2 protein chains.
Amino acid sequence: MPDESERRELVLLLRRLSVELDAVSQRFAEEHGLGRTDVRALVAIMDAARRGEALTAGRLGEAVELRSASVTALVDRLERVGHVRRVRDPEDRRRVSLQLSDTARTAGAEHFGGLARDLIAALEGYTDEELAVVHRFLVDMTTTTMRHARETPPSS
Amino acid sequence: MPDESERRELVLLLRRLSVELDAVSQRFAEEHGLGRTDVRALVAIMDAARRGEALTAGRLGEAVELRSASVTALVDRLERVGHVRRVRDPEDRRRVSLQLSDTARTAGAEHFGGLARDLIAALEGYTDEELAVVHRFLVDMTTTTMRHARETPPSS
DNA sequence: GTCGATTATCTCGATCGTCGAGATACTAGG
DNA sequence: CCTAGTATCTCGACGATCGAGATAATCGAC
């Protein structure tokens, strides 16, 4: 097994990639006068919308790890600049579902969608077998990382 | 080219992985009573140390995208809890290089080193050819992402 | 209809980031 | 040497954000 150093380098490359992805979010924040948390929230809402479900304030708080008070202030900010709208759930009127405005949707599509398009384009030269390897790699990294993210496992 | 959807899913998996990696940092922050920015700074300092160079306050500000005044407050916080030390550069006494304390180094190694170890272990079942594919993938994704992170390219 | 549980909001204190001004130290030119 | 110019870091004040606890509105169960 002489490729220990190669595997180690892969992990470093992965961290570097994560840093660069973070920088993309940061640039989006700067361009639109938003904070780092605001972008995280918008991404969470967009992700939920992609899955077909409208996020409520509470769920958003769980997604971005914020207390309910901060979520209220957060939604206030986003609503003030016209990125989201508060919509009372008619079935359960305690709930407030968050709906993206068209401007936010297009802005997000412009920025992140453009990156996604380029990333997909960069994968054109890969064969099906290679894509399968990458898929396995991503799944393995994600599951391993999730174990650490949930809670520090007793390593002993 | 029937694998358009596969490539699209790979990008989604990559974003999900990025989110989970972020959650690891968040957990580290909670466990040690630090803010999100503080962790980013510590990681930047550790990365620089890994490359053999001691980060100055100014460079750290560039790395985490903060103004010099914020860097001062940031280093104040980290120094107060004993994670870094300010060291005047004897050659250029305007500069303040930041040195990690042993406690911070061990804490970081415990948390992120543990994750890195598990990630490397998860790659044991990969052949050299597969690792090469992953390497190419990571480089391609990083270069493509960096173009977007630097500045929004005129897409027209 | 009343009681407990859930959801979002409000208020307050503490923390974080930025702006402007200032202090210290290096560098170049006379 | 010494002055001006530049670079790096620090300090004080202000605005914005986050977390804890209390409050209001709504739902479900009895």
Side-chain angles (χ1 to χ4, degrees), chain A residues 22-23 25-45 48 53-81 83-99, chain B residues 22-23 25-45 48 53-81 83-99:
Chain A
D22 224 48
S25 292
Q26 175 120 353
R27 174 148 293 269
F28 182 79
E30 289 171 4
E31 284 182 359
H32 295 266
L34 299 173
R36 181 178 302 271
T37 305
D38 302 5
V39 177
R40 286 186 51 169
L42 283 177
V43 169
I45 297 175
E53 47 177 312
L55 224 53
T56 70
R59 300 292 182 183
L60 176 60
E62 295 175 4
V64 298
E65 305 259 7
L66 244 56
R67 299 301 166 208
S68 58
S70 306
V71 174
T72 298
L74 165 66
V75 177
D76 283 347
R77 292 196 298 272
L78 294 180
E79 198 173 31
R80 192 179 311 132
V81 296
H83 282 343
V84 302
R85 239 185 351 167
R86 282 178 161 101
V87 178
R88 284 277 172 192
D89 187 338
E91 295 191 1
D92 187 342
R93 291 171 51 78
R94 295 170 300 182
R95 298 193 172 191
V96 170
S97 60
L98 305 171
Q99 195 163 351
Chain B
D22 225 47
S25 292
Q26 177 120 352
R27 172 148 292 270
F28 181 79
E30 289 172 2
E31 284 181 0
H32 294 267
L34 299 174
R36 181 177 301 271
T37 304
D38 301 4
V39 177
R40 287 185 48 165
L42 283 176
V43 169
I45 297 175
E53 46 178 310
L55 223 52
T56 68
R59 301 292 183 184
L60 176 61
E62 295 175 5
V64 298
E65 304 260 4
L66 245 57
R67 305 294 170 211
S68 57
S70 307
V71 174
T72 298
L74 165 66
V75 176
D76 283 347
R77 291 196 298 273
L78 294 179
E79 197 172 32
R80 192 178 311 129
V81 296
H83 281 344
V84 303
R85 238 185 350 167
R86 276 184 232 250
V87 178
R88 285 278 171 190
D89 186 338
E91 296 192 359
D92 186 342
R93 290 171 52 79
R94 293 173 301 185
R95 301 191 171 192
V96 169
S97 60
L98 305 172
Q99 195 162 353

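Source: prediction; values computed, not measured. Protein chains get the first letters and strands the later ones, always in sequence-line order, with residue 1 at the start of each. Every heavy atom of this structure was used, including side-chain atoms; hydrogens, water molecules and symmetry mates were not.
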Trainee: Provide, to the nearest angstrom, the distance between the CG atom belonging to B:D92 and the P atom belonging to D:dT8.
Mentor: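 From B:D92 CG to D:dT8 P: 8 Å.
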Trainee: Answer yes or no: is there a side-chain heavy-atom contact under 4.5 Å between B:R59 and B:E53?
Mentor: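 In short, these two side chains do not touch, never coming nearer than 4.5 Å.
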Trainee: Counting just side-chain N and O atoms, does A:R93 come under 4.0 Å of either OP1 or OP2 of D:dT26?
Mentor: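 Checking A:R93 against D:dT26: at least one side-chain N or O falls below 4.0 Å of OP1 or OP2.
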Trainee: A:D38 pairs by side chain to side chain contact (heavy atoms under 4.5 Å, CB included) with which of A:L78, A:V81, A:V43?
Mentor: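 Passing option: A:L78.
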Trainee: Once rounded to the nearest 0.5 Å, what's the spacing between atom CG of A:L74 and atom CZ of A:R67?
Mentor: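 Spacing of CG (A:L74) from CZ (A:R67) equals 14.5 Å.
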Trainee: First contact, last contact: which nucleotides of DNA chain C are these for chain B, 5' to 3', heavy-atom distance under 4.0 Å?
Mentor: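 Nucleotide range in contact with chain B: C:dC16 to C:dC26.
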Trainee: Would you mind classifying the nucleic acid contact of B:R86 as base, sugar-phosphate or nothing, using non-hydrogen atoms under 4.0 angstrom?
Mentor: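 The residue B:R86 makes sugar-phosphate contact but no base contact.
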Trainee: Separation of A:L78 atom CG from D:dA16 atom P, in whole Å?
Mentor: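 Rounded to whole Å, this separation is 15 Å.
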Trainee: Name every residue in residues 65-76 of chain B that has at least one heavy atom under 4.0 Å from any atom of DNA chain C, in order of residue number, or write none if there are no such residues.
Mentor: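 Listed by number, they are B:L66, B:R67, B:A69, B:S70.
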Trainee: Is there a side-chain contact between B:R88 and B:V96, using heavy atoms and a 4.5 Å cut-off?
Mentor: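 They are in contact (side-chain heavy atoms under 4.5 Å apart), so the answer is yes.
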Trainee: Just verifying a value: how many Å separate B:R36 CZ and A:R36 CZ, rounded to the nearest 0.5 Å?
Mentor: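 Rounded to the nearest 0.5 Å, the CZ-CZ separation comes to 8.0 Å.
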Trainee: Hey, is CZ on A:R77 packed in by over 12 heavy atoms from elsewhere, all under 6.0 Å?
Mentor: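 Counting neighbours around CZ of A:R77, more than 12 heavy atoms of other residues, nucleotides or ligands fall under 6.0 Å, so yes.
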Trainee: Taking any heavy-atom pair under 4.0 Å as a contact, classify B:G35: base, sugar-phosphate, or nothing.
Mentor: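 No contact.
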Trainee: Roughly how far, to the nearest 0.5 Å, is OG of A:S97 from CG of A:L60?
Mentor: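 Atom-to-atom, A:L60:CG and A:S97:OG are 12.0 Å apart.
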Trainee: What is the distance from CG of B:D89 to C1' of D:dA7, rounded to the nearest Å?
Mentor: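 B:D89 atom CG is separated from D:dA7 atom C1' by 13 Å.
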Trainee: DNA chain D: A:R88 or A:T37, which has the more 5' nearest nucleotide?
Mentor: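 Looking at DNA chain D, the more 5' nearest nucleotide goes with A:T37.
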Trainee: Starting from the C-alpha separation in whole Å, work towards a yes-or-no answer on salt bridge (Lys or Arg N to Asp or Glu O under 4.0 Å) for B:D22 and B:R40.
Mentor: CA-CA 10 Å; B:D22 225 47; B:R40 287 185 48 165; over 6 Å; no
